[in-house]
4 protein chains.
Amino acid sequence: MSSSSGPQQRRGDTRQRIQDVALELFAEQGYEKTSLREIAERLEVTKAALYYHFKTKEDIIISLFDDLTGPVDELIEWAQEQPKTLEMKREVLRRYSEAMAAGASLFRFMQENQATMRELSIGETMKRRLFLLVGLLQAADRPLEDQVRCVSALFTLHAGMMFLQHVEADPEETRQAALTIAMDLITQAHSHE
Amino acid sequence: MSSSSGPQQRRGDTRQRIQDVALELFAEQGYEKTSLREIAERLEVTKAALYYHFKTKEDIIISLFDDLTGPVDELIEWAQEQPKTLEMKREVLRRYSEAMAAGASLFRFMQENQATMRELSIGETMKRRLFLLVGLLQAADRPLEDQVRCVSALFTLHAGMMFLQHVEADPEETRQAALTIAMDLITQAHSHE
Amino acid sequence: MSSSSGPQQRRGDTRQRIQDVALELFAEQGYEKTSLREIAERLEVTKAALYYHFKTKEDIIISLFDDLTGPVDELIEWAQEQPKTLEMKREVLRRYSEAMAAGASLFRFMQENQATMRELSIGETMKRRLFLLVGLLQAADRPLEDQVRCVSALFTLHAGMMFLQHVEADPEETRQAALTIAMDLITQAHSHE
Amino acid sequence: MSSSSGPQQRRGDTRQRIQDVALELFAEQGYEKTSLREIAERLEVTKAALYYHFKTKEDIIISLFDDLTGPVDELIEWAQEQPKTLEMKREVLRRYSEAMAAGASLFRFMQENQATMRELSIGETMKRRLFLLVGLLQAADRPLEDQVRCVSALFTLHAGMMFLQHVEADPEETRQAALTIAMDLITQAHSHE
DNA sequence: AATGAATGAGCGTTCATTCAT
DNA sequence: TATGAATGAACGCTCATTCAT
């Protein structure tokens, strides 16, 4: 049985569908303003059905981050083993930009719901990761300007994703442009040595 | 007597006190998660008292933005009358950075509650302002990289304010550093001509 | 002092204005749905001002009925002293119809807010009056049909006022027509003797 | 066991029980003055339970009218297809009187809460129906007296139901008497031709 | 003759969650 | 794998009313 790809999937794609719809709505309206009733209605199931698949509302959102944390964790682990060279940092930015592209709507959600994230367990988790990343990019012994440059590099990636979505240009192209600027910034942060 | 701490010492400053407490709580927990009951309790008045001073919950937050909109509007107006030179843009960044410093907690609130802001009338207003600012910094006829640099300049200011608050350094110093980087970015965006 | 008509009226017409506006709004929206805030706003005074002139909301409506009760009470008193002839009943209908024309909006209010009236002290009062009137028109020793006719005569007056207000015709003309029918009914109720 | 009075004997009739209690209270105190808390308490459920069965308070009252609208609609449809003869009008009165008897408490509620009905969606609907009925009874080319007679016929039915409820007589008998008078009126309206 | 400031009670409504079936 | 029915807590908001000034 279980005709094609994953385990236990025959008609049991409900869990996945809940996640899809939830992400869609969370991204659109925010986490707090999205009610389980809304999610259930859009799926044409009852609220109780959601509780068969997830223990709480927070559980739904936590599950959404599961796909994201993997690649980022690997990135962090990898980086921690490398020497703190410019080239390593460039690689970090490159891969981080890719991860963002893959989980764009999730990143946007995070960006737009920081206050909410702060009281979600997953929020703390993600924030710690971000700090780790900043720590990896940072050169603590450099002048404040260069430190800001490093942070700004990361932020530029976010800026590229968020703000420029309202712009006419091709998303991928925009992402590349943002990556370029981020690279510039990190390079400058190193060039004054 | 009873100069400071009695239960009924102040007269006529209730409106202001509501604003103070509201800002505090909105910034801490987000707009949605802060209930009027909470605000009222902290002020030791009833919920109904809030409604004597403000017509709705949204009205409270709108009033908080009143001090902010003035300076930013003036900045935009001024900039629109200037020629689009590099020097003008530098001045815009300078003054915007100052406005942010003055209304820091409000800016942080905006940053952290974007999803919420989107459905507040004031959200649209602020967003339009931001777009105007970006438009003023932008050089539409330039390569995509330079355009991103302009946006990134603005975002760097935000980054400076938000992210580096978790850092040990002096806030004012940090702001200056962020301003410097933003200046660099805008200058670079012009230098390839 | 007190230049022209009533006692204490120089600039002290506020009480009257409250009554006017209240009647207007009560008639338009019902008693319950009309708030003191609304009345106060339309008069451009504060709610507290209303409480200077009237002790409660109910007091306002009671005062509105004051002009009405006089004529109706007199009518009842007069009728109770007369013998129960047809001619007396015709006179009752005539004068009642007149009273209704004078206090039309109040009558309409009563008609449309019976459920409300029932729990207002004034409601009981008015209802007792109505029953007295019906009793005066009634001939208890007649067949049920004739009794209904008597009630219907009174109702026809109300019907004339209420329902035909939505009709193109002249109000006074309509009232006369309704009076005629009511007369017919009461006459028929007597003719089978 | 526990056949009738236990705290949890019925299953699946809650919706019906809500309607029963609501009608009872609405009729007794009016729509506005009846709170959902009151309804819930009398049913020994929570307010939230009401919302499982009805989307809003207005929804409850709308549902109460559902049984009524059917027969009346059919009556109107039927009448619209008939020629405007006296016999047709007599049939309309007959059937309308029957419909009223079936939904007596609802009709009484309407009569007593007209001001409320006016702002309920269902109010408009019912009013339109009433006007249609009057239009069907009316003979627009007749003298004003005869037009009033037609309206009065309908009102007599209402009068019969409402006012005479306070009277000792048998309701059905009273209804028949009122119907007779209404018939008289409509017949008279035609007899002067 | 009126206001400014506030209250206490209550409203209709929504929410995340539970549990027997 | 789900549903039907319900709950308890909270929410934003409005109301008639009070009272010192």
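Chain A is the first sequence line, chain B the second, and so forth, proteins listed ahead of strands; every chain is numbered from 1.
Where E58(A) and K47(C) each meet DNA chain E at their nearest nucleotide, the meeting point lying more 5' is that of K47(C). Checking Y51(D) against A48(A), the closest nucleotide of DNA chain E that is more toward the 5' end is the one next to Y51(D).
In a base pair of the Watson-Crick type (N1 to N3 plus N6-O4 or O6-N4) or a G-U wobble (N1-O2 and O6-N3), with each distance short of 3.5 Å, dA1(E) is matched with no nucleotide. Both distances falling under 3.5 Å, in either a Watson-Crick or a G-U wobble arrangement, place dC13(F) opposite dG10(E). Pair assignment for dT21(E) gives dA2(F), based on Watson-Crick or G-U wobble hydrogen-bonding distances that are each under 3.5 Å.
Counting only heavy atoms from C-beta on, T46(D) has its side chain closest to dT7(F) among dA16(E), dT7(F), dA6(E). Comparing dT7(F), dT3(E), dA16(F) against the side chain of V45(C) picks out dT3(E) as the nearest. Set against dC11(F), dA5(F), dT17(E), the side chain of R37(B) has dC11(F) as its closest nucleotide. Taking every side-chain heavy atom of T56(A) into account, dT17(E) is the closest of dT17(E), dA16(F), dA6(E).
Note: CD1 (I61(C)) to P (dA16(F)) measures 12 Å, nearest angstrom. The distance between atom CD of E44(B) and atom P of dG8(E), rounded to the nearest whole Å, is 13 Å. Going from atom CD of E41(C) over to atom P of dA16(F) covers 12 Å, rounded to whole Å. In this structure, D13(D) atom CG and dA5(F) atom P are separated by 10 Å, rounded to whole Å.
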Check against salt bridge (Lys or Arg N to Asp or Glu O under 4.0 Å), R42(C) and E38(C): CA-CA 6 Å; R42(C) 197 174 282 205; E38(C) 230 171 333; 5.7 Å; no
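OP1 or OP2 of dA5(E) lies within a sub-4.0 Å distance of a side-chain N or O belonging to Y52(B).
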